[in-house]
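A short write-up of the structure that comes next.
Both backbone and side-chain heavy atoms feed into the values below; hydrogens, waters and symmetry mates do not. These figures come from a predicted structure and were not determined experimentally. A, B, ... follow the sequence lines: proteins, then strands. Residue 1 opens every chain.
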Amino acid sequence: MTIEINNQPYDLPDDARISLLDFMRERLELFGSKKGCNQGACGACTVLVDGERILSCLALAAQYDGRSVTTIEGVANGDELHPLQALFVENEGMQCGYCTPGQIMSGIALKSELERGAPSNVSADLTVAPRMSRDEIKERLSGNLCRCGAHNGIIDAVAAYVGGEEQ
Amino acid sequence: MTVAKPLPHDAATLHVTGAARYVDDIPTPADTLHLAFGQSTIAHGTVTAMDLSAIRAAPDVVAVLIAEDLPGANDVSPSAHDEPLLATGEVHYVGQPLFIVIARSHLAARRAARMGKIVYDERAAILSLDDALAANNRFEDGPRIYRRGDPDHAMGLAAQTLGGAIEIGGQEHFYLEGQSALALPQEGGDMVVHSSSQHPTEIQHKVAEALNIPMHAVRVEVRRMGGGFGGKESQGNALAVACAVAAQKTGRPCKMRYDRDDDFMITGKRHDFRITYRAGLDDQGRIIALDLTQLCRCGWAQDLSLPVADRAMLHADNAYWLPNVRITSHRLKTNTQSATAFRGFGGPQGMVGIERVLDHIAHQLGQDPLETRRQNFYGATGNGLTTPYGMEVRDFILPDLIDRLVETSDYTARRAQIADWNADHPVLKKGIALTPVKFGISFTLTHLNQAGALVHIYQDGSVHLNHGGTEMGQGLFQKVAQVAADRFGLETSAIKITATDTGKVPNTSATAASSGSDLNGMAVKVACDTIRDRIAAHLAELHQTTPDQVQFADAQVIIGDHAIPWAEAVQTAYMARISLSATGFYKTPDIVWDRIKGQGRPFYYFAYGAAVTEVVIDTLTGENRILRTDILHDAGASLNPALDIGQVEGGYVQGAGWLTMEELVWDDKGALKTHAPSTYKIPACSDQPEIFNVALWDQANREETIYRSKAVGEPPLMLGISAFLALSDAIAACGPGYPALDAPATPERILDAVNRVRL
Ligand code: FES
Ligand code: FES
């Protein structure tokens, strides 16, 4: 049983009860994904599995046998920041930074969800692909809490990354 | 000049790559042990028997510690020595730590902590303000009372009077990084502690007392916190002390991190208040008499409740001249978590009280509340400039600031449009409110207004910077680095920002009271200038000129018409055996305060701001949202406008969250029922106002603060009061009555108020 994390293969743990987040943080010393609540309500632990975002605190590592996981440590290209990472710096999308890894992983996934035409709670017309708008972005980021209130910078960064029509 | 530049957060690149380390991210040795507290399940009573054998036998458990096992002081209180780390017989709230489980993993410790068999002799719990008042269960011997003039006599002369009450709920800090600590035992019984704390010196102090060793044997390091908001001023003590005690007992590294639910259950929150008021007005609607009573629910231990309640009294005036006033403050003791510091430190509750009074007066007079506010401002026609506690308000910029905000936000026209809109819309109603903030800057415990710094310059010209302030996201480290860079004429990249460390700067105050940049910026400036003066004196001598001819700019040292690169100047000084290391120290001047009399100058200066918020409510469901927010905030001559605007936005959001959606609910047995993000709602991206304009009022501080800037951590939180009063305004559009809205203004409360005003 192996899992790929940031293009590196790892053996999955023997204990099937360990969450993906604990597996990464406690066994692999991949500390980039944060534990804000450990109960699926804050988004700090967001990672991508084959490009889709999941909450790694609610996922068992063993469920992802053979799958490919991307964490915040895996999105930059060497020393070159991922465009969304650079936009977070540019737009002051952080204060304490604890929510930042999760926000960025959500932002990356959100763009492909929108491109794929997946609707959200605020999409007016379910028969057509949602228009990219600030409202769509705000809604789709609402699972990633930020207690510092850096929302404006976060939304600006993700809006610039997603591009498209601005309202 | 590196100051006044909008530079990003010092660790921005580390944050976006996930490389920024918090306590829970420090790689630990393989033999590290993990801790969890066993907690009381009742609110009040005595423990008659504690059978912990199942815990000791549980898998991966190494040891269990009870109060009797502690080697030194069993106390984690920041003030009155009334807060044992582990209960000794009597328990005072649901969640109180009773024992420590030490295990090989975090999960094993938490799991085992539930296996204790505790027998209690349960007693009646005092939970509410009314219970505590009836039982006279309080801190201090009676209420504190500040008075000016003769409010009773003036009330009798009033053209009209009004009265009412407001309930103001508490607030959970919900720092996204929960409380955590790691203790690493050293040779000779020394201890190194990493703690997510705003107050490393207090951690050091409490750990030393608990281990029965001198403070010099304990070193505490804090690189950063994932949010603090006051919740890490005293609430980290328990974890750090538990880890240190366990590490001393076992000789192994020990780590403790509260699971989110435990964090909610164990730690203190913002104080909830009830404020009752009776105001007497002259025939123009000016307050000539005011009688305010603040009931403050402090929880079971004193913690920081006295200065919090004092600050609530000191902000009972906010921006208004109160010629005859009595402020009575009851600090009530209840069987709940020990309420503690939270951004604003009582100031917000005090300010909500008086803003409510102004809103109520405007409603009674049928005035635009902004007019009511203006005519009651300090310094308005016929009004004085002295606070009820005798401090002169010397730079009352609010009238000008508000004029500008009224203009940029188009307040007057929008207010009229909203009235029209409401006339046409029976179900949805809009509301708008403009509220001011005047917030006093300084610790009211005068001796805390001091700070230290340590600056080294190495032979290659690189600079190592250290000071007593802690970084929790507010951008303190970057602002202070900008000061250091400016003193030496360097870019901030030449300055290494280092973790707060009790071994480098001793006897520091908590990073609190918005004082971080004011105090530490000044201490760093002093240290830098000491070294700069030494280098200047040496180079002046070499070039046969006077030190005042030596300038530091653009990574060069300029001596008359001669310029040498900074690194070369440093090397020259080193070769000449000039000391390139210095400490700096600063204490705030001119403050004096007698908290019993309620007289003096507790604050060095005031920070100001104002916000306009527009909201819409659904009168059928109570649902609501913020449509637009405009803020103008005074940060003096800002050290870093980008970081300051971040503080203003974040403060507003947190303040509006407190007053509109964040609701703490305890059941009738005293158990907190909203102990996780699933039941406790904080503002999210989707709650962000559609239009959100924030600007800084760019005017130098009249006092001699660091580069004439002003503190900006707490004051913007109170801008959120405008969201609360905008909701009240929307409700008032539903009928003739006064909404008398309580906080938080949840949909249920809004619905109740809508029904109330229609009667
Ligand atoms: S830690 Fe996973 S959602 Fe909060
Ligand atoms: S930056 Fe602190 S929680 Fe988002």
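- The part of A/Leu81 that comes within reach of chain B is its side chain, from C-beta onward, which places non-hydrogen atoms under 4.5 angstrom from that chain.
- Highest contact tally toward chain B, considering only A/Gln103, A/Gln39, A/Lys35, A/Gln95, is held by A/Gln95 [criterion: heavy-atom pairs under 4.5 Å].
- Counting only N and O atoms by type, the side chains of B/Gln478 and B/Asn640 include no donor and acceptor under 3.5 Å apart.
- There is no side-chain donor-acceptor pair under 3.5 Å between B/Glu663 and B/Thr674.
- For B/Leu476, no part lies under 4.5 angstrom from a heavy atom of chain A.
- In terms of the side chain to side chain contact (heavy atoms under 4.5 Å, CB included) criterion, residue partners of B/Ala19 (sequence neighbours excluded) are, by chain and number, B/Leu14, B/Thr17.
- Counting heavy atoms from C-beta outward, A/Asp135 and A/Glu139 have side chains that stay 4.5 Å or more apart.
- In terms of heavy-atom pairs under 4.5 Å with chain A, the best-connected choice from B/Glu649, B/Gln474, B/Glu690 is B/Glu649.
- Counting heavy-atom pairs under 4.5 Å between each of A/Cys148, A/Pro101, A/Gly32, A/Ala41 and chain B puts A/Cys148 at the top.
- Side-chain contact check for B/Thr500 versus B/Phe477: some heavy-atom pair is nearer than 4.5 Å.
- Your options are A/Ile104, A/Thr100, A/Asn152, A/Ile72, and the one with the most heavy-atom pairs under 4.5 Å with chain B is A/Asn152.
- B/Asp24 and B/Ser180 form no side-chain donor-acceptor contact under 3.5 Å, judged by distance and modelled atom types alone.
- Interface residue A/Cys42: only side-chain heavy atoms are found under 4.5 Å from chain B.
- Contacts with chain A were tallied for B/Gln688, B/Gln647, B/His106, B/Arg224; B/Gln688 has the most, counting heavy-atom pairs under 4.5 Å.
- With a 4.5 angstrom heavy-atom cutoff, B/Val16 touches chain A via backbone and side-chain atoms both.
- Side-chain polar atoms of B/Thr613 and B/Tyr652 form a donor-acceptor pair below 3.5 angstrom.
- Ion pairing between a basic and an acidic side chain is recognised when a charged N comes within 4.0 Å of a carboxylate O; B/Glu714 and B/Arg343 show no such pairing.
- Taking chain B as the reference chain and counting heavy-atom pairs below 4.5 Å, the highest number among A/Glu92, A/Gln85, A/Glu29, A/Arg140 is found for A/Gln85.
- Contact tally against chain A (heavy-atom pairs below 4.5 Å) for B/Glu177, B/Arg21, B/His9: the top residue is B/Glu177.
- When each of A/Asn38, A/Leu145, A/Asn121 is scored by its heavy-atom pairs under 4.5 Å with chain B, the top score falls to A/Leu145.
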